[in-house]
Asks: 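This is the structure, below, for whatever I ask next.
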Protein chains: 2
Amino acid sequence: MDHHDHSPFDGADTDGAPLDEAFTPRQEEVLEAALGLLVEGGERAITTAGLARAANCSKESLYKWFGDRDGVLAAMIAYQASKVRVAVGGPAAQRPADTYRADLEGFGIDLLAVLSGPASLALNRLAIGQASREGSRLGDLLVARGRRAVSSRAKGLLEAGKRAGHLRFEDTQGAFETLYGLIVRDMHVRLMLGEHVPATNTDRAMATHVAAAIDQFFRLYGADAQS
Amino acid sequence: MDHHDHSPFDGADTDGAPLDEAFTPRQEEVLEAALGLLVEGGERAITTAGLARAANCSKESLYKWFGDRDGVLAAMIAYQASKVRVAVGGPAAQRPADTYRADLEGFGIDLLAVLSGPASLALNRLAIGQASREGSRLGDLLVARGRRAVSSRAKGLLEAGKRAGHLRFEDTQGAFETLYGLIVRDMHVRLMLGEHVPATNTDRAMATHVAAAIDQFFRLYGADAQS
DNA sequence: TCCGTACCGTACCGTTCGGTACGGTGTCAA
DNA sequence: TTGACACCGTACCGAACGGTACGGTACGGA
């Protein structure tokens, strides 16, 4: 049920969670408009009539392209994820300790910036709202698409640090999850609840917070940390 | 529209959270039924007609007691929070190191158990879904009621540990947030997205994970940690 | 006994929304 | 010119929902 990588076009199958990429430019315009509506007004703001009006398209086209309203929501997540397709490679070369630390901090700041961005928050709220509904795979889709990119970039960074002798750990996944917890804490949930989180307000505040988190991370996983 | 707080007494909390309405037993029955609907079917499952049917009450009573549908949702959060009214005091006496560590682990396990519970997940999903809507204070309400209880218990525990010489830190809030991040990581979000999180499946898995997290916490904030 | 109160169950209304149908327009190819 | 195609805009339908009104019932106090 999870493996349908490249479908030539999204056909008339309306049952499962079908569609992957391969959106036409016109469809991407529509999805962009849908994202705008979502960011501004939440899920209830995405009505078929409202989206058609906002995107200057017909409802008939919506149903032709996306099957039904849920198909539009799924397509929005797939589309947004395809946009964020991160360059995962990163610096493979050996880097001195302070530069490597700056890489880690850069990762942390990027992570916080993404999580606190309005589009990300809106999509996460959408997926969480749909998660209670049975048979909705939006959550899985979001996790698979979004988290994977972050996770792979972080793990590459961590293993590079290990090879370079800056870090020491056995379980890459565990180290990544600890790093995530130290950086994000409960900010993501609080942001989604609409709370005002100071550490995500300005670049300066984010940098300060991330620096402290990376400090803690090095005390747990640094090469000179006592086991 | 917002000020109908005829709070008889019970003004224990000093912060801004306003409402302390005491619900009658009948109203609590209705709210319990509403929670059941919410847990099972998400926010869309709470319709005025459906709730009236499930709770064997009339729609007229719903509107009399709670004002409108949003009032029902707010009352659900207030009611659930009032149920969880935690015994915050905890052991004030000095405790030896290993017992104190067990206290911390107990806190962590309780925290994970609460966050992964179906009622908590459903309420958080509800509040997050409403957060996009302007003028909705459900998120604030949930944070104020739920988070505050956890936070105060944890801070009491941490400061007791500091006085007993088990911990060393300056910023209690910062230490608590680090502890929270080490324990919860991104599990809360993933649970709300409907994902299957192994570390919250069994008591054993939770205990193992929390023990590791407390290990890390002591390496950062233990009295014998290098600064 | 009578009346007020609180409540239940049902019927009802106006609106919104998902989904479908249809006519009209621009384009490209034969 | 003709026809096929993709699309837009609008009108329409049925269902669901929030909210209100009304009749009927139990109870407790004067």
Side-chain angles (χ1 to χ4, degrees), chain A residues 8-19 22-34 36-38 40-76 126 129-130 132-136 138, chain B residues 1 4 6 21-34 36-38 40-76 126 129-130 132-136 138:
Chain A
F9 56 87
D10 40 350
D13 47 353
T14 53
D15 47 352
L19 46 110
F23 295 122
T24 69
R26 183 72 185 103
Q27 290 168 3
E28 293 188 352
E29 282 180 35
V30 172
L31 293 176
E32 206 68 51
L37 289 177
L38 181 70
E40 192 184 357
E43 190 208 327
R44 311 290 283 244
I46 302 189
T47 66
T48 54
L51 176 56
R53 203 179 319 117
N56 287 325
C57 75
S58 68
K59 289 174 67 174
E60 199 172 19
S61 298
L62 290 183
Y63 286 97
K64 183 176 192 179
W65 292 331
F66 307 112
D68 57 5
R69 182 177 178 274
D70 286 348
V72 175
L73 302 183
M76 289 171 62
L126 169 63
Q130 294 282 320
S132 54
R133 219 169 163 157
E134 198 59 41
S136 175
L138 291 193
Chain B
M1 191 76 80
H4 40 268
H6 43 284
E21 352 201 344
F23 298 117
T24 70
R26 184 73 186 102
Q27 290 168 4
E28 293 187 352
E29 283 181 35
V30 172
L31 293 177
E32 206 69 50
L37 289 177
L38 180 70
E40 192 184 356
E43 189 209 328
R44 312 290 283 242
I46 302 189
T47 66
T48 55
L51 176 56
R53 202 179 318 117
N56 287 324
C57 75
S58 68
K59 288 175 67 173
E60 200 172 18
S61 298
L62 289 183
Y63 286 97
K64 183 177 192 178
W65 293 331
F66 308 112
D68 57 4
R69 183 177 179 274
D70 286 347
V72 175
L73 301 184
M76 289 171 60
L126 170 64
Q130 294 282 317
S132 54
R133 189 144 193 177
E134 198 58 42
S136 175
L138 291 193

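All chains are named by letter (A, B, ...) in the order of the sequence lines, taking the proteins before the strands, and each is independently numbered beginning at 1.
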Asks: Could you check how far NZ of A:K64 sits from P of C:dC22, rounded to whole Å?
Replies: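 Answer to the nearest Å: 16 Å.
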Asks: Can you check the A:Q27 CD to D:dA6 P distance for me, whole Å?
Replies: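 The distance from CD of A:Q27 to P of D:dA6 comes to 12 Å, rounded to the nearest Å.
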Asks: State, to 0.1 Å, how close A:S58 and A:A52 come at their nearest heavy-atom pair, and which atoms those are.
Replies: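 In this case the closest contact between A:S58 and A:A52 is C-CB, 4.1 Å.
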Asks: Please check if the number of heavy atoms outside A:E40 that lie under 6.0 Å from its CD is greater than 12.
Replies: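 Atom CD in A:E40 is not packed in, count stays at 12 or less.
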Asks: Would you tell me if any nitrogen or oxygen in the side chain of A:W65 comes within less than 4.0 Å of OP1 or OP2 on D:dA6?
Replies: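 No, no such contact exists.
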Asks: With side chains defined as the heavy atoms from C-beta onward, is the minimum distance between B:T24 and B:W65 less than 4.5 Å?
Replies: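 No, side chains not in contact.
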Asks: How many whole angstroms separate atom CZ of B:F66 from atom C1' of D:dG19?
Replies: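 Computing the B:F66:CZ to D:dG19:C1' distance gives 16 Å.
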Asks: Can you tell if the side chain of A:M76 reaches within under 4.5 Å of the side chain of A:L73, non-hydrogen atoms only?
Replies: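 Yes, at least one pair of side-chain atoms sits under 4.5 Å.
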Asks: Base, backbone or nothing for each nucleotide of nucleotides 10-19 of chain C, written B, S, -, heavy atoms under 4.0 angstrom, 5' to 3'?
Replies: -------SBB
Asks: Less than 4.5 Å apart, any side-chain heavy atom of A:S61 and any of A:R26?
Replies: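 Answer no - side chains too far apart.
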Asks: Can you see if the side chain of A:S61 gets near the phosphate of D:dC7 - specifically, an N or O under 4.0 Å from OP1 or OP2?
Replies: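 No, outside the criterion.
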Asks: Within this structure, what is the CG-to-P distance between A:L62 and D:dG9, rounded to whole angstrom?
Replies: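 For the pair A:L62 CG and D:dG9 P, the rounded distance is 11 Å.
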Asks: Got A:F23 and A:V30 here, is their nearest side-chain heavy-atom distance under 4.5 Å?
Replies: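 No - every pair of side-chain heavy atoms lies 4.5 Å or more apart.
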